[in-house]
K.L.:
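Just passing along the structure, written as structure tokens.
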Amino acid sequence: MRWIRTILAEIFGLFVDDGAFAITILLWLIIAGVALPRLGISPAAKAIILFAGLAGILMESALRRARK
Amino acid sequence: MGDLTLLWTHAGPSAFAAFLASLVEFVEALTVILAVGSVRGWRSPIAGAVAAVVLLLVLVAALGAALSRVPLHLFQLVIGALLLLFGLRWLRKAILRSAGVIPKHNEAAAFSRQTAAMRQLPRAGGWDRIGFAASFQITMLEGTEVVFIVAAIGAGGSGLLLPACAGALAALILVILLALAIRKPLSQVPENTLKFFVGVLLSAFGTFWLGEGIGLAWPGSDWSILALIGGFLAVAGASVAACRERVA
């Protein structure tokens with residue numbers, strides 16, 4: 001059964017290798033999922049906000065890792 | 001005209017993304033299977049790979065039937081979130097590798113490590129359990145990734161699963177043909193470049209599905225995917241340049 005544990009651990013690793021990066025993405029998705037449908041702004045603005053949040057998280061995380 | 005739009009903006013990128021992502025996974029699995037087979041003989045590793053593929057097909061059939069009952073928007077929400085975790089993770093790693101922050105993946109080195117490890121393990125006559133298990137495990141692991149990628153890319157609605165499956169199948173056939181032709185690890189495949197573009201594509205699809213899942217009306221409908229691909233490509237390129245400055 002060790003191989004099942006190994007495969008499950010590897011599958012978890014597909015989605016998470018930097019814990020802070022994964023948690024920040026999930027938090028942003030929750031915030032966007034709750035707030036965006038309630039904002040009285042155009043669909044284009046909502047799309048840009050969703051994308052900009054993810055792009056910012058990606059860039060910040062890569063730069064933080066590069067600084068280490 | 002509507003069908004043509006779907007073909008170019010959805011089905012084309014779906015098949016292309018599935019092809020590139022699956023190609024990376026199949027190359028990684030092939031490296032280990034070749035290493036095991038070259039040291040311990042071919043019968044057991046081939047049997048291990050075939051057993052894993054059969055098990056994956058059974059799991060896909062069972063899960064597919066269960067997932068077809070989940071409401072589409074909920075499915076898109078979950079798949080979009082998973083695809084973003086997966087795609088952005090790949091993209092971040094590819095950015096860091098391109099910028100020289102972390103070393104690039106090397107199939108030839110992985111092959112050498114694997115063959116050295118296999119030589120140290122005991123070998124019994126007849127059925128080789130170690131060769132079978134090593135091949136089964138890597139095929140299950142990389143195969144699970146391929147199944148997830150294909151399911152995630154094809155999650156957008158009817159007509160998208162088929163191009164995604166076709167892309168993955170084309171990658172499998174290409175890798176098998178290349179393996180039979182050169183019988184060495186495919187170290188010439190530009191894996192980091194592939195992961196960079198696959199990360200961009202998966203992140204774009206993930207953002208699109210998640211937006212659909214939360215009820216976002218994408219401006220330009222399907223054409224938004226192309227805009228998202230361009231956006232993530234620009235951000236990833238800028239991130240590589242910024243990271244290079246940090247490590248210089």
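Below, chain A is the first sequence line, B the second, and so on; all start at residue 1. Just so it is clear, the values below take in all heavy atoms, side chains as well, and ignore hydrogens, waters and symmetry mates. As the structure is a prediction and not an experimental result, all values here were calculated from the model.
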K.L.:
Measuring heavy-atom distances to chain A, does B:L77 have an atom under 4.5 Å in its side chain, in its backbone, in both, or in neither?
P.N.:
neither
K.L.:
Between B:G206, B:A217, B:G213, who has the most heavy-atom pairs with chain A when the cutoff is under 4.5 Å?
P.N.:
B:A217
K.L.:
So, for A:A44 and B:P219, which heavy atoms are closest and what is the spacing to 0.1 Å?
P.N.:
CA-CG, 3.6 Å
K.L.:
If you count heavy-atom pairs within less than 4.5 Å of chain A, which of B:G211, B:G231, B:A236 leads?
P.N.:
B:G231
K.L.:
What pairs meet the ring pair (Phe, Tyr, Trp, His ring centres under 6.0 Å) rule with one or both residues in residues 26-46 of chain A, with sequence neighbours excluded?
P.N.:
none
K.L.:
Distance-only check: which donor-acceptor pairs under 3.5 Å involve side-chain atoms of residues 53-64 of chain A, not counting sequence neighbours?
P.N.:
from  : atom 1 : to    : atom 2 : distance (Å)
A:E60 : OE2    : A:R64 : NE     : 3.3
A:S61 : OG     : B:R92 : NE     : 2.6

K.L.:
Between B:R246 and A:R65, is there a donor-acceptor pair closer than 3.5 Å when you use the side chain of the first and the backbone of the second?
P.N.:
no
K.L.:
Is A:V16 close to chain B through its backbone or its side chain, or both, or neither, when contacts mean heavy atoms under 4.5 Å?
P.N.:
backbone
K.L.:
Which one, B:L228, B:L84, B:L82, leads in non-hydrogen pairs under 4.5 Å with chain A?
P.N.:
B:L82
K.L.:
How long is the straight-line distance from CD1 of A:I25 back to CG of B:L88, given to the nearest 0.5 Å?
P.N.:
4.5 Å
K.L.:
Would you give the length of the straight line joining atom CG of A:L36 to atom CD1 of B:I214, rounded to the nearest 0.5 angstrom?
P.N.:
5.0 Å
K.L.:
Please look at B:T207 and chain A and tell me whether the side chain, the backbone, both or neither of the residue comes under 4.5 angstrom of a heavy atom of that chain.
P.N.:
both
K.L.:
For A:F15, is it the side chain, the backbone, both, or neither that has a heavy atom closer than 4.5 Å to a heavy atom of chain B?
P.N.:
both
